[in-house]
Amino acid sequence: MFFVFFHKMADFTLELEALRVENARLKEKLKQHLLVEDMLLPSSSNLPRAVIGMNREGGENACPAPPWIAGLSHSLTAAQIQRYSRQLLLPSFGVKAQENLCKGSVLIVGAGGLGSPVALYLAACGVGCIGIMDPDRVELHNLHRQVIHNEASVGETKVSSASRTCLAINSSVKVVEYPFGLDARNALDIMAQYDVVVDASDNVATRYLVSDACVVANKPLVSGAALGMEGQLTVYNYLKGPCYRCLFPTPSPQAACQRCSDAGVLGVVPGIVGTFQALEVIKVLTKVGEPLSARMLILDALSSRIHTVKLRGKNTQCVACGELPQITHITLPNFDYEKFAASPMSDGTPPREQVVGEDQSITCTDYNKLVRGHKSHVLVDVREKHQYDIASLPDSLNIPYAKLPQQLDTIRAAAQKHKHEGDEDMSVYVICRRGNDSQRAVQDLRSAGFNLVYDITGGLLSWAQDVDSTFPAL
Amino acid sequence: MNKLGFRLTAQWCLLLWLIRPRSSDYRISFHFIVVRSNFRAARLGVRRADDMHLTLEFGGGLELLFGSQKKHEVEVTSPDDLKEVTMESLLSWIKDNLIKERPEMFVKESSVRPGVLVLINDSDWELCGRLETVLEENDEVIFISTLHGG
Ligand SMILES: [Zn+2]
């Protein structure tokens with residue numbers, strides 16, 4: 001009994017000693033490993049170093065290749081293996097897919113809400129060459145969704161800001177900057193240099209151009225769109241799948257095309273769609289998985305629903321990708337996409353049209369004088385309530401344009417209230433965001449019998465520009 | 001008809017039996033009971049035989065034309081009661097019964113306006129016959145306007 005106990009004690013002591021030795025060995029190994037990692041990957045607290053830290057043309061090859069490199073069947077370097085290890089470890093991905101990414105090239109049209117996550121993820125996962133195209137500069141109201149830019153890049157071109165962020169994440173990829181918009185004349189030449197194209201644009205005209213050019217240049221197109229709380233995503237012109245024109249041979253009427261600058265968008269929604277676009281690009285480049293061709297993913301952020309629906313295949317009659325295409329490398333450069341889509345190649349505001357006569361309008365500056373002179377009047381703001389709630393002029397009456405016909409009595413009552421003994425008829429001034437709806441309201445009120453109704457020209461945007469620069473111009 | 005419906009209808013029958021007129025218009029009051037129970041059945045979600053239940057969904061901004069409501073559970077009657085409900089008759093039913101404003105932003109001629117995708121049970125209507133598609137009980141039809149923002 002006693003002997004058995006002693007025997008066991010000796011066993012424990014031996015085992016303990018063996019574990020101590022093993023522990024010391026592992027600690028030493030870990031230390032060396034960390035040192036190598038430090039050398040290869042500059043710490044994130046040192047951004048400028050990260051940008052120039054690793055030589056783009058394979059600076060890590062300056063050291064003699066370690067002996068294990070010789071017997072490999074792939075072209076990944078030690079630094080690449082380390083950087084991409086977590087995706088190399090994926091059984092369904094592996095070295096072949098990573099090689100395809102590193103050799104691959106992607107053109108991203110638009111460096112906004114969708115383009116931001118696309119560029120960030122494609123740079124991070126090691127796509128060899130990323131072209132970024134956008135004519136705009138970074139503005140403060142972009143930052144809530146265009147997460148590739150930051151406060152310091154406000155005023156800078158979106159492409160240079162995006163390129164800087166991409167290289168800060170991964171200086172071993174190449175980023176090509178195109179600080180201008182895609183147009184019919186430059187599209188084919190630029191696309192020819194890339195394997196995959198990403199549509200992250202914000203207008204109908206560009207969407208038709210990107211799709212047509214992808215068909216002519218024979219490039220798969222990963223297309224995403226987001227507005228408000230909704231997103232849509234699909235891969236066009238991939239194998240037997242349809243192109244944008246197969247689905248939408250005729251453009252939507254202009255009135256049906258809402259812009260982010262009017263309808264608003266929750267920042268995270270293009271973030272989700274753009275991230276999905278990056279995923280589809282990776283799948284197309286690596287030939288891993290099933291790209292979203294002839295299918296469409298529909299995101300309803302409000303109800304947290306993602307729906308994937310089945311789309312038609314290629315239309316043999318399609319003017320772009322059909323059997324007898326009318327859009328070719330000869331006709332495309334001369335095609336007027338803005339005329340076809342009846343909308344400009346930008347998300348910008350269409351110019352305000354003067355509808356009512358000068359005798360029925362007043363400039364912001366003159367209206368301001370009138371207010372300062374305490375001339376009694378009624379001010380009607382015809383914007384939607386949610387817009388009115390953001391910021392409005394004092395003592396204004398909010399009657400959304402759509403509800404105007406039912407609210408005529410409210411305006412009459414307000415006019416009556418401000419009227420003094422012996423006053424002539426009360427003047428009514430109408431304002432809105434840009435001065436379009438307010439003109440329509442002036443016309444409607446005049447035909448409803450109001451005689452002294454005036455439009456405040458240019459709306460609150462002009463007010464902010466000409467009278468009160470502190471007024472939030474949205 | 002569910003249990004509650006049956007009980008309530010039975011109670012009505014009993015009540016009407018108790019207060020029944022003891023004269024010759026006995027048959028009229030019986031007719032009243034039948035009408036009454038039919039009315040109740042409709043209220044409890046039991047349909048007439050010629051109604052078809054469909055789930056309609058509007059997205060991509062189209063919901064604004066339908067009181068900002070995306071999903072609509074509807075009972076659709078075919079225009080001449082006997083025929084089946086096709087996509088064409090559904091579109092005119094929507095135009096007459098469901099749309100709240102600007103119908104021209106939804107339909108054009110006899111079809112949907114350009115830029116609207118129609119999906120029947122998650123499949124593009126191009127794959128199943130567009131306007132001629134014959135709908136079945138509990139089908140799900142999605143109308144979605146293409147988005148352009150980014
Ligand atoms: Zn096509």
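So you know, we letter chains A, B, ... as the sequences are listed, proteins then strands, and number each from 1.
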Please find the pair of heavy atoms, one from [X] and one from [Y], that lie closest to each other, and give the distance.
| X | Y | answer |
| --- | --- | --- |
| B/Pro114 | A/Pro251 | CB-O, 3.5 Å |
| A/Ser252 | B/Gly115 | OG-CA, 3.5 Å |
| B/Thr146 | A/Phe248 | CB-CZ, 3.5 Å |
| B/Gly60 | A/Glu230 | N-OE1, 2.8 Å |

Quiz item: Is it the backbone or the side chain of B/Lys70 that comes under 4.5 Å from a heavy atom of chain A, or both, or neither?
Solution: side chain
Self-check item: Heavy-atom contact with chain A under 4.5 Å, split by part of B/Leu62
Solution: neither
Quiz prompt | Max heavy-atom pair count under 4.5 Å with chain B, selected residue of A/Asp300, A/Val309, A/Asp199 | solution = A/Val309
Self-check item: Heavy-atom pairs under 4.5 Å with chain B, option from A/Gly313, A/Ser116, A/Ala402, A/Ser201 with the top count
Solution: A/Ser201
Quiz item: Do B/Asp124 side-chain atoms and A/Lys310 backbone N/O form a donor-acceptor pair below 3.5 Å?
Solution: no
Self-check item: Qualifying side-chain hydrogen bond (donor to acceptor under 3.5 Å, both in side chains) pairs, either residue in residues 231-249 of chain A, two or more places apart
Solution: A/Asp212-A/Arg245
Examine whether an atom of [X] lies under 4.5 Å from a heavy atom of chain B, and if so say whether it belongs to the side chain, the backbone or both; otherwise answer neither.
| X | answer |
| --- | --- |
| A/Met229 | neither |
| A/Arg207 | side chain |
| A/Leu302 | neither |

Quiz item: Are more than 12 heavy atoms from other residues, nucleotides or ligands located less than 6.0 Å from atom CD of B/Glu73?
Solution: yes
Quiz item: What are the residues of residues 268-279 of chain A, in order of number, with any heavy atom under 4.5 angstrom from a heavy atom of chain B?
Solution: none
Exercise. Return yes if a side-chain donor-acceptor contact under 3.5 Å exists between B/Asp122 and A/His307, otherwise no.
Key: yes
Quiz item: Is there side-chain contact between A/Leu227 and B/His148, with heavy atoms separated by less than 4.5 Å?
Solution: no
Quiz prompt | Between CD on residue B/Glu126 and CG on residue A/Leu311, distance to nearest 0.5 Å | solution = 10.5 Å
Quiz item: What residue pairs, at least two apart or across chains, pass salt bridge (charged side-chain N to carboxylate O under 4.0 Å, His left out) with a residue in residues 52-64 of chain B?
Solution: A/Arg305-B/Glu57
Quiz item: Pairs in or reaching into residues 85-98 of chain B: which pass salt bridge (charged side-chain N to carboxylate O under 4.0 Å, His left out), with residues at least two apart or in two chains?
Solution: none
